[in-house]
Each structure stands twice: as structure tokens, then as C-alpha cells.
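When reading the values below, keep in mind they use all heavy atoms of this one structure, side chains included, and skip hydrogens, waters and symmetry mates.
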Amino acid sequence: SSGSLSIKEIMDDNTDGNLFDGIEWVLINDDDLIITASKVDDTIQTFRMESGSLVLKQTLENTIEVPLNGVKVLASSDDGQLICAISEYSKSLVVFSHTPGTDTIEFVEAFQTAFIIDSSPQAIGLLSNIEIDSIGGNIYIDDRLEGCIFHFLFDGIEVVPIGRYTYITS
């Protein structure tokens, strides 16, 4: 069978608070919350479809506490309650919580540049991808520069670095 694709709406950047410049990732969460990551604007925004139009609900900007400088990838747990972002320039993993049915995400914790696993300092190099397992608490980020995967665990309250798994190439 064949279908068609039609333009529903065209929206301009920097109009009504929309920051579309440099969007690297669009995530549609389990409850249809639309979340965007803009690497150029260093922002995460949430949107809802209302009466056929995309409506801005929240803008999170790069700060010292919420390092989104170069935010480029988003991931969501299967239930949509855990949202994670990685940022290239701030070399960070930023974790958010989301209550399904609401229009916002809430900051939980950030790991930037250096953190500790098993009493050993770790350094973030070049983050390229992020995955959250189907259970929802295990977070994995791929670091191409360091040649490893970092494993974090969110227990519903805090995020804890668990392990570093090094690539073995032949």
C-alpha cells in the first residue's frame, strides 16, 4: 500500500519561544510529550500537540547545575518517567524525571567531565549515544574517545555511577 505525507504546520525558530536552531534529537515520550534537544541553542524544550498545533510547554537552558552545552541525544525509559540527555561540549549526562500526563520534565542530577566509579576517577571524552534499559533504571552512555560504555543506575531518587566497560577490539 502507499500513503502520503503532508505538511501539517510550519513553525519558525525564535518565534513564541520556539528554539529550533540546531535540533539534533526529537523524542516522543510514552504519553506523547514531545521533547527536543537543540545543540546550537543548548536547550531542551517540551511540546504538546493541541488542536492540531505544536504548543511549547517548557524550555530548559544550559546552566552550571543543568549542563546542556551541546545537548545532542535524548532517551526515555519505557514508562516515560526517566528522561536522559547527553551534551557534547559540556561532556555531561543529565537526568530528568517526568510524571506522565504533565507537560514538564524535572531535573534530577548531572554528571559532568569527572565522576567516581569504585573509588576511581573517570573522565568523559566524546559522548555519542545513550540507552535506558527496559526496566528503566539502568542508563548506559557510549564514550567514543575513552573507548568505553559508562553504566549508571537511577533508583527513583538518585543516580549512581555503577561501572565502566571498555571496548575490546581485535
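Rounded to the nearest 0.5 Å, atoms CZ (Phe154) and CD1 (Ile135) are 14.5 Å apart. Taking CD1 of Ile124 as the start and CD of Gln112 as the end, the distance is 8.0 Å to the nearest 0.5 Å. Put simply, CD on Glu61 and CG on Asn69 are 12.5 Å apart, with the number rounded to the nearest 0.5 Å. How far CG of Asp42 is from CD of Glu88: 11.0 Å, rounded to the nearest 0.5 Å.
In terms of heavy-atom proximity, Ala85 sits nearest to Ile44 at CB-CD1, 3.8 Å. Contact between Pro67 and Ser90 at its shortest, heavy atoms only, is O-OG, 3.3 Å. Here the closest non-hydrogen pair linking Gln45 and Leu56 is NE2-CD1, 3.6 Å. Of all non-hydrogen atoms in Cys84 and Ile130, the two that sit nearest each other are CB-CD1, 3.2 Å. Taking both residues in full, the closest heavy atoms of Ser128 and Lys72 are given as CA-NZ, 3.9 Å, listed atom of the first, atom of the second, then distance. When every heavy atom of Pro121 is checked against every heavy atom of Ser119, the shortest pair comes out as CD-O, 4.0 Å.
You'll find the ring centres of Phe150 and Phe115 inside the 6.0 Å limit.
Under the 4.5 angstrom side-chain criterion for Ile, Leu, Val, Met, Phe, Trp and Tyr, Tyr89 has no cluster partners at all.
Within the structure, salt bridge (Lys or Arg N to Asp or Glu O under 4.0 Å) pairs that include any residue of residues 143-162 comprise Glu146-Arg164 (at least two apart or interchain).
Contact annotation: the side chain of Cys148 never approaches that of Tyr165 to less than 4.5 Å [non-hydrogen atoms, C-beta and beyond]. Side-chain contact between Val55 and Met49 is absent, with no heavy atoms from C-beta onward closer than 4.5 Å. Between Gln81 and Ser97 the shortest side-chain heavy-atom distance does not fall below 4.5 Å. Within the 4.5 Å cutoff, side-chain heavy atoms of Leu60 are placed close to those of Phe96.
Residues Ile34 and Trp25 fall into different hydrophobic clusters, defined by Ile, Leu, Val, Met, Phe, Trp and Tyr side chains chained together at heavy-atom separations under 4.5 Å. Note: the hydrophobic cluster containing Ile162 does not contain Leu127 (ILVMFWY, side chain heavy atoms under 4.5 Å, direct or indirect links). Under a hydrophobic clustering in which Ile, Leu, Val, Met, Phe, Trp and Tyr are joined whenever their side-chain heavy atoms come within less than 4.5 Å, directly or via other members, Ile139 and Val108 fall into the same cluster. Ile86 and Leu126 sit in two unconnected hydrophobic clusters of ILVMFWY residues. Membership requires side-chain heavy atoms under 4.5 Å apart, directly or through other members. Linking Ile, Leu, Val, Met, Phe, Trp and Tyr residues whenever their side-chain heavy atoms come within less than 4.5 Å places Leu54 and Val26 in a single cluster.
Side-chain contact, Glu106 with Thr104: a donor N or O sits under 3.5 Å from an acceptor N or O.
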message = Between Leu33 and Arg48, does the side chain to side chain contact (heavy atoms under 4.5 Å, CB included) criterion hold? Intermediate values first, please.
response = CA-CA 6 Å; Leu33 182 68; Arg48 288 270 184 206; 3.8 Å; yes
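Between the Glu109 side chain and the Val159 main chain, a donor and an acceptor come within less than 3.5 Å of each other. A distance-only check finds no donor-acceptor pair linking the side chain of Thr43 to the backbone of Thr59 [under 3.5 Å].
Considering Leu74, Asp79, Ile105, Ile83 as possible partners of Asn29, the one that fulfils the side-chain contact (heavy atoms from CB on, under 4.5 Å) test is Ile83. The side-chain contact (heavy atoms from CB on, under 4.5 Å) test with Leu27 singles out one residue from Thr36, Ile35, Val73, and that residue is Ile35. The side-chain contact (heavy atoms from CB on, under 4.5 Å) test with Ser87 is passed by exactly one of Val66, Leu68, Leu93: Leu68.
The number of heavy atoms from other shown groups lying within 6.0 Å of CD1 (Ile116) is above 12. Taking a 6.0 Å sphere around CD1 of Ile28, one finds it holds 12 or fewer heavy atoms contributed by other residues, nucleotides or ligands.
For Asn138, the side-chain contact (heavy atoms from CB on, under 4.5 Å) criterion is met by Asp133, Tyr140, His151, Leu153, not counting sequence neighbours.
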